[in-house]
Amino acid sequence: EAKHNEAEEAQGIEAREAKQIEAGETSRSSRKLITFEPKLVINKGISVLGFVLRLFAVFGTIGSALAMGTTHESVVSLSQLVLLKVKYSDLPTLMFFVVANAISGGYLVLSLPVSIFHIFSTQAKTSRIILLVVDTVMLALVSSGASAATATVYLAHEGNTTANWPPICQQFDGFCERISGSLIGSFCAVILLMLIVINSAISLSRH
């Protein structure tokens, strides 16, 4: 009987030790579940920021293209008794501006699903490289379109006395206000695209 009792006590001790070990493993696993990896959190934050920047850049580029592409005005010249008309397509630099912003805006819309994918898949590298390359091309395209349009908008406001080009904004005030506002929106998009390129480069450097 004494041996039987000792055996039962030994089995009880082993059972308690096993429970303690299981409890310890459970607590460790629960700690692992609630432990956050700082690098993963930072990478996700960078991806979320990239998505937000792209979303704002979409509004900047497409909004500028629509504003410029629908700009036209007609006024009556009292001195000449004729109807004067002006629209963006009369000036090649403004047409290039519209095309550049429209292409960039379309690309940014298509890149949004990829940007969302990067939020959940922080290890994706090839798609990030492709976006970085195309983002750089779009930055060059939009900045060149905005720069070309700037020269035309300046001439519209100030004219050029040397070339005997009078300013047209004295007659087409509404037209000039609209193209100037469109130009400001495009330059905001240029800044956003620059931030997108920097964001993409930082994200790649962390892989």
Side-chain angles (χ1 to χ4, degrees), residues 25-71 88 92-153 178-207:
E25 290 177 351
T26 303
S27 63
R28 289 195 195 98
S29 62
S30 61
R31 288 174 186 170
K32 290 180 181 178
L33 289 175
I34 62 175
T35 300
F36 294 100
E37 295 183 12
K39 183 178 180 180
L40 180 62
V41 174
I42 293 173
N43 288 343
K44 284 187 176 293
I46 293 173
S47 298
V48 171
L49 178 60
F51 173 77
V52 174
L53 291 173
R54 287 180 188 278
L55 191 60
F56 280 107
V58 167
F59 291 111
T61 51
I62 294 181
S64 296
L66 289 175
M68 184 71 78
T70 56
T71 299
Y88 85 98
T93 53
L94 299 187
M95 290 184 63
F96 173 61
F97 174 89
V98 173
V99 172
N101 280 273
I103 292 174
S104 180
Y107 157 73
L108 288 169
V109 170
L110 295 176
S111 71
L112 288 178
V114 183
S115 184
I116 295 174
F117 168 73
H118 289 164
I119 296 175
F120 297 100
S121 179
T122 57
Q123 299 301 320
K125 189 173 182 179
T126 303
S127 56
R128 293 178 189 274
I129 295 174
I130 295 173
L131 282 186
L132 177 59
V133 172
V134 185
D135 288 340
T136 306
V137 174
M138 291 299 111
L139 172 60
L141 180 63
V142 176
S143 60
S144 61
S147 300
T150 300
T152 300
V153 173
R178 195 175 178 97
I179 62 176
S180 298
S182 178
L183 194 61
I184 293 172
S186 184
F187 273 113
C188 290
V190 169
I191 295 173
L192 289 170
L193 282 168
M194 291 174 61
L195 294 176
I196 289 171
V197 170
I198 295 172
N199 178 275
S200 299
I202 292 174
S203 180
L204 275 174
S205 68
R206 297 182 61 86
H207 283 74

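Values below: all heavy atoms of this structure, side chains included; hydrogens, waters and symmetry mates excluded.
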query = Nearest 0.5 Å, what's the CG-OG1 distance between L141 and T61?
reply = 10.5 Å
note = So CG of N101 and OG of S182: to nearest 0.5 Å the spacing works out to 6.5 Å
inquiry  = Please check if the number of heavy atoms outside F96 that lie under 6.0 Å from its CZ is greater than 12.
reply    = yes
query = Is any side-chain heavy atom of L183 less than 4.5 Å from a side-chain heavy atom of I179?
reply = no
key: Heavy-atom pair of closest approach, residues V114 and S127   = CG1-CB, 4.3 Å
request  = State whether the side chain of S115 and the backbone N or O of L112 hold a donor-acceptor pair below 3.5 Å, judged by distance alone.
outcome  = no
Straight-line distance of L55 CG to F59 CZ, nearest 0.5 Å = 5.0 Å
key: Spacing of CD1 belonging to I46 relative to OG belonging to S205, to within rounding of 0.5 Å   = 7.0 Å
ask   = Taking all non-hydrogen atoms of both residues, which atom of T150 and which atom of A146 are closest, and how far apart?
value = OG1-O, 2.7 Å
key: Side chains of S111 and H118 in contact at under 4.5 Å (non-hydrogen atoms)   = no
request  = Identify the two heavy atoms, one from V142 and one from A100, that lie closest to each other, and give their separation to 0.1 Å.
outcome  = CG2-O, 4.2 Å
key: Backbone N/O of L195 and side chain of N199: donor-acceptor pair under 3.5 Å   = no
Check: residues 130-139 side-chain donor-acceptor pairs under 3.5 Å, at least two apart:
| from | atom 1 | to | atom 2 | distance (Å) |
| --- | --- | --- | --- | --- |
| D135 | OD1 | R54 | NH1 | 3.1 |
| D135 | OD1 | Y107 | OH | 2.5 |
| D135 | OD2 | R54 | NH2 | 2.5 |
| T136 | OG1 | L132 | O | 2.8 |

query = Just wondering, are more than 12 heavy atoms of other shown residues or ligands nearer than 6.0 Å to CZ in F187?
reply = yes
query = Which atom names give the shortest non-hydrogen contact between R128 and S121, and what distance separates them?
reply = NH2-O, 3.5 Å
remark   = Looking only at heavy atoms, the pair that brings S64 and S186 closest together is OG-N, 3.0 Å
message = Between L193 and L108, is the side chain to side chain contact (heavy atoms under 4.5 Å, CB included) condition met? List the steps.
response = CA-CA 10 Å; L193 282 168; L108 288 169; 4.1 Å; yes
